[in-house]
Number of protein chains: 2
Amino acid sequence: MLRLDRGRGRGYVAAPVDDQQDGDAMVTMRDVAERAGVTKQTVSNVVTGRVAVRPSTEARVRAAIAELGYVPNLVARSLATGSTRTMGLFVPTVSAPFYAGMVEEAEETLEERGYHLLLCTTRRDGERARRHLAGLTSRSVDALLIAGDQGLTDHLPLLADARFPVVLCAWEAALPDGFPVVTIDYEHGGLLAGRHLRQLGHERVAVVASPAHPVRVEGFRRALRENGLVLPDGAVHLAAEPTFKEGVATTLEALRANPGTTALFATHDVLAAAAVEAARSLGRSVPGDLSVVAYDDTPEGLLSGSTFTSVVLPMREMVRQAVDLALGAVDSAAGPDLRPRTLLPELVVGDSTARPG
Amino acid sequence: MLRLDRGRGRGYVAAPVDDQQDGDAMVTMRDVAERAGVTKQTVSNVVTGRVAVRPSTEARVRAAIAELGYVPNLVARSLATGSTRTMGLFVPTVSAPFYAGMVEEAEETLEERGYHLLLCTTRRDGERARRHLAGLTSRSVDALLIAGDQGLTDHLPLLADARFPVVLCAWEAALPDGFPVVTIDYEHGGLLAGRHLRQLGHERVAVVASPAHPVRVEGFRRALRENGLVLPDGAVHLAAEPTFKEGVATTLEALRANPGTTALFATHDVLAAAAVEAARSLGRSVPGDLSVVAYDDTPEGLLSGSTFTSVVLPMREMVRQAVDLALGAVDSAAGPDLRPRTLLPELVVGDSTARPG
DNA sequence: CTGAAAGCGCTTACAG
DNA sequence: CTGAAAGCGCTTACAG
């Protein structure tokens, strides 16, 4: 008689029935203990390393572990300890380069800390976030990191009821009270962009912005004001969506409205790449006929050899700090530090800006 | 006397000590049972819905659940049932648009099935994959979906020892025996690209390829051969990395080597966008002076209003089938269907190709 | 339809 | 340094 056995190995081998014990369904601590001639508590002690074990005993246990191919069951451990060593991560999407980078950086940091990553993309939808939060609660994640405020600002009270530490990062909306947050001075980024263009001598500037980035625009506006220039409302053009396509359309609109524009501030990388494309389609070269400042990251879309001038965000540093803040709160009785940490962006000067022709 | 209580609510409120019972650290089935005046098994029955419960009893239980804010502890359930309702997903990276899309689609499908997603990016590194696999094993995921073969072909034996079903998808290398796989006929995609260019009448063609895509190139080559044209080895230019920057450099190299080239096949979307950029930098318009066929997806990088001609892969369908195959294998004693499922790509004709000038 | 018992595989005090 | 006991919060047969 044969039966299908999913116990070990490939998973689907026909194995002879063994009525004595239920196959080798999973080797447990007890099996290791028997083999090594100790109790399972001793096995636990060598596995976790929290209690010292006589070297000769430890050697026997380790040998048994190796022979049996024992792997600790973290689900059981989690139930006993109350810690899953898993962190949830909310991001609006993973298709935007900035958030994709955050996910990879978070994963990297978590791996170093022995944690796993439960990913939830919210698609900027508060309702999705609410469902995910419920899922994370029943699944007992140790902590939750929320990257980006989009769609979430109305749902903060919900997050306040979470059973685990919640840390906010990349938070561009007004900072809510009561949450630890690691974020960036987004307005300062806009300021850097504005000052740079003013220093180059630009006077006829336009902005291609995402509706999610009023703060970046405000910083830009402030820089111009500092330099005696008023940014007219009509010079700010909003892209309906943060896509390349919309970026092109919006830039064309901006340049048609004000053909004399010599410099353009795009509030994120995809829009900046689109702006260059749009300018060229009108026969205007970058930076010869139009300077373009990007934001978030250095976008693709210029020729190799030349690079964008861009407000670059300290994304990696932000993620690391946020992960550590969240993980630190897990086992500290004191709770996380609620003072907001704000990192500063930097202006990286590339080849997409020049003095007005 | 106050103590810091992480039990419920915000997590870090000073709460009066309650020596009777350990605060409200977590409300459990037993609490609900007491409140409703039943045993916890009855609570379990209404929560899981597997055993019918008298309506009046059920109402009492549900009321108690609501009043107490009870949330089932899935860790405990997992230990009891042996199922975590979590699937692992390996992707090479999340920064490439194609894989980012796969992650979001997988998450979507899993959510519908009541599953969560444990994400692991392998960075095309077999050693990372091996570590992740160990993590997933101890964490008892129900299944693992592996998207993309990069860096993994040498580690298949390891995967064969997994304790859970492993499904491969987006597998471009030779199909390994013994694994269920949902993939795409990548060669056919190359064939479609080649035939299209030949039908338009191109004779001087070049290829800008990733080293990971020999099969796509082979299909392309075959299409030309069918049409009496031999693709010289010198016409295939490999991009060192799958980045925009490398794509530009490689295209420039290709066009300098054969200035008479009238059409170009790029083996993936980012390279195609880069090719257009490179061509324009040489003063050649697309498709007027150079036709470009993309692959994977419709890339950004042409003007709004015009689109790429591209070999488009049925990514969503592939992911859905793969997830269902993996999840189906979880509770079927029979094991997954090992016959490879191969989906066909489609050629979407856009504005980036035309008859040779 | 409801209740008492055993068990999932670990860890955590607590004796020796 | 090692062992016996209790418990984490659930589910799964199995009686009533």
Side-chain angles (χ1 to χ4, degrees), chain A residues 7 21-62 64-65 68-85 137-140 142 163 331, chain B residues 6-7 21-61 64-65 68-85 137-140 142 163 331:
Chain A
Q21 55 177 56
D22 189 23
D24 43 13
M26 182 185 300
V27 13
T28 129
M29 239 171 202
R30 203 162 58 78
D31 302 327
V32 175
E34 271 178 19
R35 177 107 176 192
V38 297
T39 60
K40 65 177 157 67
Q41 295 73 354
T42 303
V43 178
S44 174
N45 287 340
V46 350
V47 169
T48 61
R50 6 175 71 252
V51 177
V53 170
R54 193 193 306 166
S56 63
T57 310
E58 171 164 356
R60 279 216 315 286
V61 171
R62 293 216 178 277
I65 288 176
L68 263 30
Y70 167 72
V71 178
N73 181 330
L74 259 46
V75 173
R77 180 182 291 175
S78 293
L79 182 58
T81 61
S83 159
T84 53
R85 295 195 80 80
T137 300
S138 55
R139 214 159 281 263
S140 314
D142 285 355
R163 295 188 178 163
D331 29 37
Chain B
R6 293 256 327 264
Q21 56 177 56
D22 188 24
D24 43 12
M26 183 184 302
V27 13
T28 129
M29 240 172 200
R30 203 162 58 78
D31 302 327
V32 175
E34 271 178 18
R35 177 107 176 193
V38 296
T39 59
K40 66 175 154 73
Q41 294 74 356
T42 303
V43 177
S44 173
N45 288 340
V46 348
V47 169
T48 62
R50 5 174 73 254
V51 177
V53 171
R54 193 194 306 167
S56 63
T57 311
E58 171 164 356
R60 278 216 314 288
V61 171
I65 288 177
L68 262 31
Y70 168 71
V71 177
N73 180 329
L74 259 46
V75 174
R77 179 183 292 175
S78 294
L79 183 59
T81 62
S83 159
T84 54
R85 295 195 80 79
T137 299
S138 54
R139 215 158 280 262
S140 314
D142 285 354
R163 295 186 180 165
D331 29 36

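In the text below, chain A, chain B and the rest are named by the order of the sequence lines, each starting its count at 1. Keep in mind it's a predicted model, so treat the numbers as computed, not measured.
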Flag side-chain contact, heavy atom, 4.5 Å: B:V61 against B:V38: yes
Who is the Watson-Crick or G-U wobble partner of D:dA4, with both distances under 3.5 Å? none
Considering only D:dG9, D:dA5, C:dT11, which nucleotide approaches the side chain of A:Q41 most closely? D:dA5
Report yes if a side-chain nitrogen or oxygen of B:S44 is closer than 4.0 Å to either non-bridging phosphate oxygen (OP1 or OP2) of D:dT11; otherwise report no. yes
B:K40 has an atom NZ; how far is it from atom P of D:dG7, in whole Å? 12 Å
Please tell me if B:T81 has a side-chain N or O lying less than 4.0 Å from either OP1 or OP2 of D:dT12. no
Students often get this wrong, so: under 4.0 angstrom with heavy atoms, is B:R30 touching a base, only sugar-phosphate, or nothing? nothing
Using a cut-off of 4.0 Å on non-hydrogen atoms, how would the nucleic acid contact of B:V75 be classed: base, sugar-phosphate, or nothing? nothing
Looking at D:dA13, which nucleotide sits across from it as a Watson-Crick or G-U wobble partner, both distances under 3.5 angstrom, or is there none? none
C:dT12, OP1 or OP2 - any side-chain N/O from A:R50 closer than 4.0 Å? yes
Can you name the nearest heavy-atom pair linking A:M26 to A:D31, along with the distance? O-OD2, 3.6 Å
Does OP1 or OP2 of D:dT11 have a side-chain N or O of B:T48 closer than 4.0 Å? no
Has A:R54 got a side-chain N or O lying under 4.0 Å from the OP1 or OP2 atom of D:dT2? yes
Please work out if B:T57 contacts a base, only the sugar-phosphate, or nothing of the nucleic acid, heavy-atom cut-off 4.0 Å. sugar-phosphate
Remember a base hit wins even if backbone is also touched, and classify B:S78 as base, sugar-phosphate or nothing at under 4.0 Å, heavy atoms. nothing
When the nearest nucleotide of DNA chain C is assigned to B:L79 and to B:G37 on a heavy-atom basis, which residue is associated with the more 5' position? B:G37
